[in-house]
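What follows is a set of notes on a single structure, which appears directly below.
Just so it is clear, the values below take in all heavy atoms, side chains as well, and ignore hydrogens, waters and symmetry mates. It should be emphasised that the depicted structure is a prediction, and the values quoted were computed from it without experimental measurement. Below, read A as the first sequence line, B as the second, and so on, with proteins coming before strands; counting in each chain starts at 1.
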There are 2 protein chains.
Amino acid sequence: MVNPISCKADTALDVLVGKWTHKILYQLIKNETMRFNELKRAIPGITQKVLTAELRELEEQDIVIRKIYAQIPPKVEYSLTGYGATLIPILEAMDQWGKNHKKHLEELAADQERSGES
Amino acid sequence: MVNPISCKADTALDVLVGKWTHKILYQLIKNETMRFNELKRAIPGITQKVLTAELRELEEQDIVIRKIYAQIPPKVEYSLTGYGATLIPILEAMDQWGKNHKKHLEELAADQERSGES
DNA sequence: CGGGATCCTGTAGGATACTG
DNA sequence: CAGTATCCTACAGGATCCCG
């Protein structure tokens, strides 16, 4: 029998969900540590407000850490915490599955065309 | 260097996200095959409309299959497809991580109390 | 029994302007 | 530079009623 999932996937989903969350994490995985505007530039389309909000949430959850340099002009650096890094395998699994799923959906579409769908 | 995630996690997230999606999948993993109202009863709080919509989406993505018995009263059975089952490891990983994350958050809260947060 | 058709609402997320 | 502070909108999701 399949190992039953006790439904705490919500908790993980809560962290990962959000239109931009995983892209932020992706950047921090790739670049280790980034400044606010660096992140903003790396993620086209996101607004300051949303980026700030997401980063605050991730910070609260101990997934990213925020280093503030008391200087003018301000400098703030974000990076993954060690704990946050435990998300990487999940993101990688989802990434893999996602890639495969895209292919799968295309094949499905092709099949349906061949069998003459409306 | 960390294996960069190419950002197709969106695709997987798209499938999994939705307030109820993973609970539906959870039920189908546990019970193999279920009728509409069985699912509805197993997932307290969900409405027919939403359940129907989610099932349709999952069906379109070839993750669940819908078996209709032409009879009165109607009988419709839902179950995971073999392809849909490839999601199980991801759900399990998220479940594990989610459980651990809950503990982690509690520890964080306790730490902050001890250090005298406002 | 397993939905479809409507109508409604909360909130995640966007646009824009201002600031230490 | 790295944010706040407002205001606004789209849409996921909910409530309800109807139907073969």
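- Side-chain heavy-atom separations under 4.5 angstrom define the hydrophobic clusters, and B:Ile72 shares its cluster with no other residue.
- Partners of A:Gln71 under the side chain to side chain contact (heavy atoms under 4.5 Å, CB included) rule, at least two apart in sequence or in another chain, are A:Tyr69, A:Lys75.
- Annotation: proximity of residues 47-60 of chain A to DNA chain D (heavy atom, distance under 4.0 Å) is found for A:Gln48, A:Lys49, A:Thr52, A:Arg56, numbered in ascending order.
- In this structure, B:Arg66 atom CZ and C:dG2 atom P are separated by 10 Å, rounded to whole Å.
- The separation between B:Lys67 atom NZ and C:dC1 atom C1' is 18 Å, rounded to whole Å.
- Counting to the nearest Å, the C1' atom of C:dC1 and the CD1 atom of B:Ile68 are 13 Å from each other.
- Atom NZ of B:Lys19 and atom C1' of C:dA12 are 14 Å apart (whole Å).
- Between the side chain of B:Glu38 and the backbone N or O of B:Arg35 there is at least one donor-acceptor pair closer than 3.5 Å.
- Residues that satisfy the side chain to side chain donor-acceptor pair (under 3.5 Å) test with B:Asp14, not counting sequence neighbours, are absent from this structure.
- Between its opening and closing five pairs, the helix from C:dC1-D:dG20 to C:dG20-D:dC1 changes axis direction by 50°, a value rounded to 10 degrees.
- Nucleic acid contact class of B:Pro74 (heavy atoms, under 4.0 Å, all strands): base.
- Residue contacts shown for B:Tyr78 are limited to sugar-phosphate atoms, with no base heavy atom under 4.0 Å away.
- Of the residues in residues 33-45 of chain B, those lying under 4.0 Å from DNA chain C by heavy-atom distance are B:Arg35, B:Phe36, B:Asn37.
- Alongside A:Leu108, the hydrophobic cluster contains A:Leu105 (criterion: ILVMFWY side chains under 4.5 Å).
- The outermost nucleotides of DNA chain D lying under 4.0 Å from heavy atoms of chain B, listed 5' to 3', are D:dG13 to D:dG20.
- Under the side chain to side chain donor-acceptor pair (under 3.5 Å) criterion, A:Thr86 pairs with B:Trp97, not counting sequence neighbours.
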I'd like a table of donor-acceptor pairs (distance under 3.5 Å, sequence neighbours excluded) in which one partner is a side-chain atom from residues 48-61 of chain A, with atom names and distances.
residue : atom : partner  : partner atom : Å
A:Thr52 : OG1  : A:Gln48  : O            : 2.6
A:Glu54 : OE1  : A:Thr21  : OG1          : 2.9
A:Gln61 : OE1  : B:His101 : NE2          : 2.9

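- For the atom pair A:Leu28 CG and A:Thr81 OG1, the distance stands at 10.0 Å (nearest 0.5 Å).
- B:Asp10 is linked by a salt bridge (charged side-chain N to carboxylate O under 4.0 Å, His left out) to A:Lys23, counting only residues two or more places apart in sequence or in another chain.
- Applying the 6.0 Å contact sphere to CD1 of B:Ile43 captures more than 12 heavy atoms from other residues, nucleotides or ligands.
- With sequence neighbours left out, B:Arg41 forms a side chain to side chain donor-acceptor pair (under 3.5 Å) with no residue at all.
- Looking only at side-chain heavy atoms (C-beta outward), A:Leu87 and A:Ile29 stay at 4.5 Å or farther from each other.
- The aromatic rings of A:Phe36 and A:Tyr78 lie tilted to each other, with the angle between the two planes from 30° to 60°.
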